[in-house]
2 protein chains.
Amino acid sequence: MRIGELAAAVGVSPRALRYYEEQGLLRPDRTPTGHRVYPESAIERVHLIRLLLAAGLASRTIIDILPCLATGTIASAQLEMLKTEQVRIDSQIRSLERARERLADLISTSVVRDQAS
Amino acid sequence: MRIGELAAAVGVSPRALRYYEEQGLLRPDRTPTGHRVYPESAIERVHLIRLLLAAGLASRTIIDILPCLATGTIASAQLEMLKTEQVRIDSQIRSLERARERLADLISTSVVRDQAS
DNA sequence: CTTGCAGTTGACGTTGGCGTCAGGTCCTAG
DNA sequence: CTAGGACCTGACGCCAACGTCAACTGCAAG
């Protein structure tokens, strides 16, 4: 499939897909004229990339863990990285929960006041 | 208290405090010679600012809701903003939880492999 | 007085994840 | 043959939240 199709399939821009390739996250084949050709599996792969990027992992980190999907094996150094990221994500979740709670406090304790513009 | 003291008290850099002021989040008094002077309450205020920034709120948004703390009242437009932010935070938390789960999957299903180098 | 740390403003640098041209090529339909 | 999408490679733009000089002033201690 070509870049436009993949982009539509996963809901990202072609520019983003080229950027992922530039970062080493994707390695599409090329037609003789240089057009990118992606396998079906790229859809799943991009979804995972987006998920991890949204969770705050650096693309460098993602590069290291993507091979684990294909091989089903992982180096101990990468395993440590994954655990570190989990810890970071956990603390980020807690931070978000505190913020949400604080906003809820504000909402429940504030008196709504009419505001002309 | 001066900027260095406040910075140490809340664990941020003086530069960050000046930036918050530039953004309208803080309004310290000044000594006759121009040095910033913060009230004790600034500690609490900066903690809240950090919490909301960490939760992904824009400083412009924070500007609008900080007065609510002081007045205990809130305009209906700001109330809507707060609810919108809550929704955003909720979806962000869910996204993080999915990522964490995915990492846990990887950890539990991958075979740890020895790695020279 | 001077040493030296703390403070001031101003301005440019950084990082990530793309958006957005610009200028050219490829390919399919009519 | 030609029109017009879709694709290509640069390369510069953008935004937020500061970091990092630079060049200067303020101030307390010895």
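Predicted model, so just to flag it, every value in this text is computed and none were measured. In the text below, chain A, chain B and the rest are named by the order of the sequence lines, each starting its count at 1.
Among the protein residues, B/Ser59 comes within range of the sugar-phosphate backbone only, with heavy atoms under 4.0 Å from sugar or phosphate atoms but none that close to a base. Nucleic acid contact for A/Arg30: sugar-phosphate only, since backbone atoms but no base atoms lie under 4.0 Å from a heavy atom of the residue.
Between A/Arg18 and D/dC8 there is a side-chain N or O to OP1 or OP2 distance below 4.0 Å. Remark: B/Arg50 is in phosphate contact with D/dC18, judged by side-chain N or O atoms under 4.0 Å from OP1 or OP2. Within the structure, every side-chain polar atom (N or O) of B/Tyr19 is placed at least 4.0 Å from both OP1 and OP2 of D/dC18.
Under the salt bridge (Lys or Arg N to Asp or Glu O under 4.0 Å) criterion, A/Arg18 pairs with no residue at all, not counting sequence neighbours.
Only at 4.0 angstrom or more do the heavy atoms of residues 87-97 of chain A sit from any atom of DNA chain D, so none qualifies. A heavy-atom distance below 4.0 Å to DNA chain D is reached by these residues of residues 33-47 of chain B, ordered by number: B/Thr33, B/His35. The stretch residues 10-17 of chain A touches DNA chain C through A/Ser13, A/Arg15, A/Ala16, each having a heavy atom under 4.0 angstrom from the strand.
Remark: side-chain polar atoms of A/Ser110 are not paired, donor with acceptor, to backbone N or O of A/Ile107 under 3.5 angstrom. Using modelled atom types, no side-chain atom of B/Thr61 and backbone atom of B/Leu57 make a donor-acceptor pair closer than 3.5 Å. A donor-acceptor contact shorter than 3.5 Å links the side chain of A/Thr71 to the backbone of A/Pro67.
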- Task: Would you sort out whether B/Leu66 and B/Ile49 count as a side-chain contact (heavy atoms from CB on, under 4.5 Å), showing the intermediate values?
- Result: CA-CA 9 Å; B/Leu66 276 182; B/Ile49 291 172; 4.2 Å; yes

Quick one, B/Arg36 with B/Glu21, criterion side-chain contact (heavy atoms from CB on, under 4.5 Å). Give me CA distance, side-chain angles, the key distance, then yes/no. CA-CA 10 Å; B/Arg36 292 172 177 81; B/Glu21 180 177 355; 2.5 Å; yes

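Position along DNA chain D of the nearest nucleotide to B/Thr31 versus B/Leu57 favours B/Leu57 as the more 5'-ward residue.
With a 4.5 Å cut-off on side-chain heavy atoms, B/Arg98 and B/Arg94 count as touching. Looking only at side-chain heavy atoms (C-beta outward), B/Ile62 and B/Leu53 come within less than 4.5 Å of each other. Between B/Val111 and A/Ile74 there is no side-chain heavy-atom pair separated by less than 4.5 Å. Side chains of A/Leu69 and B/Leu106 form a contact here, defined as non-hydrogen atoms less than 4.5 Å apart.
Taking a heavy-atom distance under 4.0 Å as the criterion, the stretch of DNA chain C touched by chain A extends 5' to 3' from C/dG16 to C/dC27.
Enclosure of atom CD in B/Glu44 is not indicated, since only 12 or fewer non-hydrogen atoms of other residues, nucleotides or ligands lie within 6.0 angstrom. Residue-environment remark: CD (A/Glu5) exceeds the threshold of 12 foreign heavy atoms within 6.0 Å.
A donor atom on one side chain and an acceptor atom on the other are found under 3.5 Å apart for B/Arg50 and B/Tyr20.
The interatomic distance linking A/Arg2 (CZ) with D/dG5 (C1') rounds to 10 Å, in whole Å.
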Parsed dot-bracket for DNA chain D after applying the Watson-Crick and G-U rules with both distances under 3.5 Å and | for other-strand partners is ||||||||||||||||||||||||||||||

